[in-house]
Amino acid sequence: MDLIIRDAQLRHTEGTRDIGVSDGRIVQIANRIPRKGQREIDAQGRLTTPTFIDPHLHLDKALISEVVRPNLSGTLDEAIEIIWEKKKQYTIEDIVKRASRVLHWGIGYGTTIFRTNVDVDTIGKLVPVEALLEVKKRFAGICRLQIVAFPQEGILKNPGTEELLRQAMKIGADVVGGMPFNERTMADSQRHIDICFEIAKEFGADIDMHVDETDDPSARTLELLAAKTIQEGYQGRVTAVHTCALAAYDDVYAAKVIGLVKEAGLNMITNPATNLMLQGRMDTEPRRRGITRVKELLAAGINVAYGQDCLKDTFYPTFGQADPLEVGLITAHAAQMSLPEEIETLFDMATVNGARILRMEDYGIEEGRTANLNIIDTTTVQEAFRTQADRRHVIRRGEVIAETETRTKLHIDA
Ligand code: FE2
């Protein structure tokens, strides 16, 4: 065997296991593997999990807060405005550099599968997609990168975008994005959704939309998207991201929409880091939390994951390091998840729930699956979040691609 990980603590498992890897795949999981591996890692009872998945990250915009003017109002609208200026000056090299820096951080934190939304509009045209395709090439073999062609400026509001979306799909984008709330009228929002489905069907692609990222309780595009998904028989292939307005609805309408989301088999992604910062800016106290109804969606049996979303851009200018344990800790606070089973769910949201969004079958710690694993410097998922534990070994296809070990030395008597 190429690699044997000894004494690994798997989730939901009594005692530890040895994990044997050959040709990048897990070939044996046993209490004790008697033979020697080419390489051996003694996990010493540490938590060993499948790789993290970040299903929502804007790599084309990441880190631009280092070079643009600050977002003084802190709102989504001003964030988009500032980006217009920067987008006009985008170069492939600039985007590749920023995206690569962020991927390096993410990989160090144990994420080797990413879905990134990349702007497609008449300002930046296809430059961001071309840049991310270049990044995808450079990182092939290191991480899996799925590209969503994202009409950030709307489709009807920004004539020419529909054709650019088709071109983005032709040159290699994987998923059709959308932002139906960013249109002038409800009829245009509906048309926006219809266009996204037309393109997705042309290319046999899945759909991943920014939906109702607003505190406005009259936003209705989640309902429209769910209804369209049912009509088109696209259950399981559509993801709705942000859906902040769901939290602003009254409980009766929210329950109706959650029922539709369930029937449509929509996947949901919440991004509490950004939305805690952006939403409710115009509220007086008590301020809304700004994130979607995470617990209610989970309780309805809907697949929910979380993502970093923004990272030092105009939307979320100051923080973020593409660490799922950090985003998970923020999610726990924002969604008030604190019970032991809720913390397990929180970990699922950064792992298996993301795999369901990407419709990955080859995922998880099971014999026959690709060995994409993290050995985390703790024994339980709760402690992993609490201590933001080191990812001691990040393993991709059986190769160690990152190692971290943080040490503190105390020089005190008490
Ligand atoms: Fe987003």
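As the structure lists them, so they are numbered: ligands from 1, and atoms in each ligand from 1. FYI, the numbering just counts along the sequence from 1.
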Step by step, would you call Q152 with I83 a side-chain contact (heavy atoms from CB on, under 4.5 Å)? CA-CA 11 Å; Q152 165 89 75; I83 264 173; 5.8 Å; no
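No side-chain heavy atom of Y249 sits under 4.5 Å from any side-chain heavy atom of E223.
Coordination check, C310 versus the Fe ion (ligand 1): failed, since every N/O/S atom of the residue sits at 2.8 Å or beyond. The Fe ion (ligand 1) has an N, O or S atom of D309 closer than 2.8 Å.
At the Fe ion (ligand 1), the angle from NE2 in H242 to NE2 in H58 is 170° when rounded to 10°.
Summarising the local packing, CD of E14 is surrounded by 12 or fewer heavy atoms from other residues, nucleotides or ligands at distances under 6.0 Å.
Using cut-offs of 30° and 60° for the angle between ring planes, the F197 and Y234 rings count as perpendicular.
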